[in-house]
**Student:** 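This is the structure I want to talk about, given as structure tokens.
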Amino acid sequence: MNDVLERLRAEAGGSPEYEVLLAVGPDALADSLTSAGLPLWARELAAYRLGLAGDRRAFESLVLLLNHRDPPRCAAAAEALAALGDPRTARAAAALATNGLRTAYALQPVRLLTALRAPESVPALLTTLSRLLSPNDPYWRVALACVEGLGALGDPRARELLTRAQSHPRLAVAATTALRGLPPGRAAPFS
């Protein structure tokens with residue numbers, strides 16, 4: 001939390017609005033999310049604080065931040081969404097993780113799906129990983145997060161894809177580790 005607040009403090013550049021948003025209550029934070037003209041750092045601070053407090057009024061703003069091009073914003077949004085406990089979170093993270101046009105920004109949604117352990121998690125990770133197993137795919141970090149996530153979730157449906165991932169040099173060690181953690185037996189192939 002302190003890293004996020006320090007990053008936002010730096011982005012605020014000494015703006016008094018930073019201290020105001022740090023001190024106000026949930027209703028004022030929620031109001032700021034819909035206020036015109038607020039800079040991105042201020043919206044993020046309000047959404048982050050609300051999310052950590054479990055206030056679902058932050059949901060839409062946090063999902064937008066989860067899909068942001070700036071990795072620290074995505075990570076902060078994922079942290080707040082995990083704390084939020086909103087039942088819509090897994091569905092939103094799955095939609096972001098599986099969107100082939102946004103694969104460059106899918107790392108945090110993939111990690112969030114793993115942390116949530118929701119019914120949507122394994123299918124979304126399988127879909128995303130299957131798309132990233134082509135040779136020379138530039139999004140190997142997202143693929144690695146999928147492999148690690150599938151290993152952490154321990155679902156036997158991942159066996160076929162994890163076996164395929166073993167042939168990729170950047171994924172081989174993680175895929176082998178993940179396969180060792182799966183329960184014995186065979187799962188139906190993933191299509």
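Residue numbers start at 1 and run along the sequence shown. Values below: every heavy atom of this structure, side chains too, minus hydrogens, waters and symmetry copies.
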**Student:** Can you see which heavy atom on L126 is nearest to which on A158, and at what distance?
**Tutor:**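 Between these two residues, the closest heavy atoms are CD2-CA, 3.7 Å.
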**Student:** Could you tell me whether a side-chain N or O of S167 sits under 3.5 Å from a main-chain N or O of R164, the two making a donor and an acceptor?
**Tutor:** yes
**Student:** Of the non-hydrogen atoms in T114 and L153, which two are nearest, and what is the gap between them?
**Tutor:**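 So the minimum-distance heavy-atom pair works out to O-CD2, 3.8 Å.
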**Student:** A side-chain contact here means heavy atoms from C-beta on lying under 4.5 Å apart; do L171 and L162 qualify?
**Tutor:**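 When only atoms from C-beta onward are counted, L162 and L171 do not touch, as no gap falls below 4.5 Å.
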**Student:** Starting from L22, can I reach Y48 by hopping between I/L/V/M/F/W/Y residues whose side chains sit under 4.5 Å apart?
**Tutor:** yes
**Student:** Is there a continuous path of hydrophobic side-chain contacts, each under 4.5 Å between heavy atoms, that joins L29 to L64?
**Tutor:** no
**Student:** Under 4.5 Å between any side-chain heavy atoms of L125 and L129, yes or no?
**Tutor:** no
**Student:** Can you list the steps and then say if L66 with L62 is a side-chain contact (heavy atoms from CB on, under 4.5 Å)?
**Tutor:** CA-CA 6 Å; L66 182 64; L62 289 171; over 6 Å; no
**Student:** To check you understand the geometry: which heavy-atom pair defines the closest contact between A174 and L144, and what is its length?
**Tutor:**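 So the minimum-distance heavy-atom pair works out to CB-CD1, 3.5 Å.
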**Student:** Begin with the C-alpha distance, continue with both residues' side-chain angles, and end with the deciding distance and a verdict on side-chain contact (heavy atoms from CB on, under 4.5 Å) for E79 and L52.
**Tutor:** CA-CA 8 Å; E79 177 188 351; L52 291 182; 4.2 Å; yes
**Student:** Does the S61 side chain pair with the main chain of A58, one donor and one acceptor, at a distance under 3.5 Å?
**Tutor:** no
**Student:** Can you name the side-chain contact (heavy atoms from CB on, under 4.5 Å) partners of T89, sequence neighbours left out?
**Tutor:**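 Counting only residues at least two positions away or on another chain, T89 forms a side-chain contact (heavy atoms from CB on, under 4.5 Å) with F59, L81, D86, L112, L116.
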**Student:** Give, for atom CG of L132 and atom NE2 of H168, the distance between the pair rounded to the nearest 0.5 Å.
**Tutor:** 9.5 Å
**Student:** Just by modelled atom types, is the L21 backbone N or O under 3.5 Å from a matching donor or acceptor in the R49 side chain?
**Tutor:** yes
**Student:** Is there a donor-acceptor pair closer than 3.5 Å between any side-chain N or O of S121 and the backbone N or O of L113?
**Tutor:** yes
**Student:** State whether the side chain of R170 and the backbone N or O of W140 hold a donor-acceptor pair below 3.5 Å, judged by distance alone.
**Tutor:**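 Checked: no pair found.
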**Student:** Testing the basics here: between R43 and S32, what is the closest heavy-atom pair and its distance to 0.1 Å?
**Tutor:** NH1-O, 3.3 Å
**Student:** Applying salt bridge (charged side-chain N to carboxylate O under 4.0 Å, His left out), which residue pairs with at least one partner in residues 18-27 are found, sequence neighbours left out?
**Tutor:** R9-E19, D27-R57
**Student:** Determine whether L161 and V142 fall in the same hydrophobic cluster, where Ile, Leu, Val, Met, Phe, Trp and Tyr are linked whenever their side-chain heavy atoms lie under 4.5 Å apart.
**Tutor:** yes
**Student:** Which residues pass the side-chain hydrogen bond (donor to acceptor under 3.5 Å, both in side chains) test with R73, not counting sequence neighbours?
**Tutor:**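 Per chain and number, R73 pairs via side-chain hydrogen bond (donor to acceptor under 3.5 Å, both in side chains) with E11, E44.
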**Student:** Same cluster or not: L45 versus L50, using hydrophobic residues (I, L, V, M, F, W, Y) connected whenever any side-chain heavy atoms lie under 4.5 Å apart?
**Tutor:** yes
**Student:** Partners of T163 by side-chain contact (heavy atoms from CB on, under 4.5 Å), sequence neighbours excluded?
**Tutor:** R159, Q166, L179
**Student:** Under 3.5 Å, which donor-acceptor pairs link side chains of residues 93-110 to any protein atom two or more places apart or in another chain?
**Tutor:**
{"from": "T98", "atom 1": "OG1", "to": "A94", "atom 2": "O", "distance (Å)": "2.8"}
{"from": "N99", "atom 1": "OD1", "to": "L101", "atom 2": "N", "distance (Å)": "2.9"}
{"from": "R102", "atom 1": "NE", "to": "N67", "atom 2": "OD1", "distance (Å)": "3.3"}
{"from": "R102", "atom 1": "NH2", "to": "N67", "atom 2": "O", "distance (Å)": "2.8"}
{"from": "T103", "atom 1": "OG1", "to": "G100", "atom 2": "O", "distance (Å)": "3.2"}
{"from": "T103", "atom 1": "OG1", "to": "R131", "atom 2": "NH2", "distance (Å)": "3.1"}

**Student:** Identify the two heavy atoms, one from L84 and one from G54, that lie closest to each other, and give their separation to 0.1 Å.
**Tutor:**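 Looks like CD1-C, 3.6 Å.
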**Student:** Does anything in residues 115-124 form a salt bridge (charged side-chain N to carboxylate O under 4.0 Å, His left out)? List the pairs, not counting sequence neighbours.
**Tutor:**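 Of all non-adjacent pairs touching residues 115-124, none passes salt bridge (charged side-chain N to carboxylate O under 4.0 Å, His left out).
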**Student:** Got a sec, which pairs hit salt bridge (charged side-chain N to carboxylate O under 4.0 Å, His left out) with one end in residues 139-156, sequence neighbours left out?
**Tutor:** D155-R157
**Student:** If you look at every heavy atom in L33 and A46, which pair is closest and at what distance?
**Tutor:** CD2-CB, 3.8 Å
**Student:** Please table the atom pairs, donor to acceptor, closer than 3.5 Å between any side-chain atom in residues 34-41 and protein atoms at least two apart or in another chain.
**Tutor:**
{"from": "T34", "atom 1": "OG1", "to": "D31", "atom 2": "O", "distance (Å)": "3.1"}
{"from": "S35", "atom 1": "OG", "to": "D31", "atom 2": "O", "distance (Å)": "3.0"}

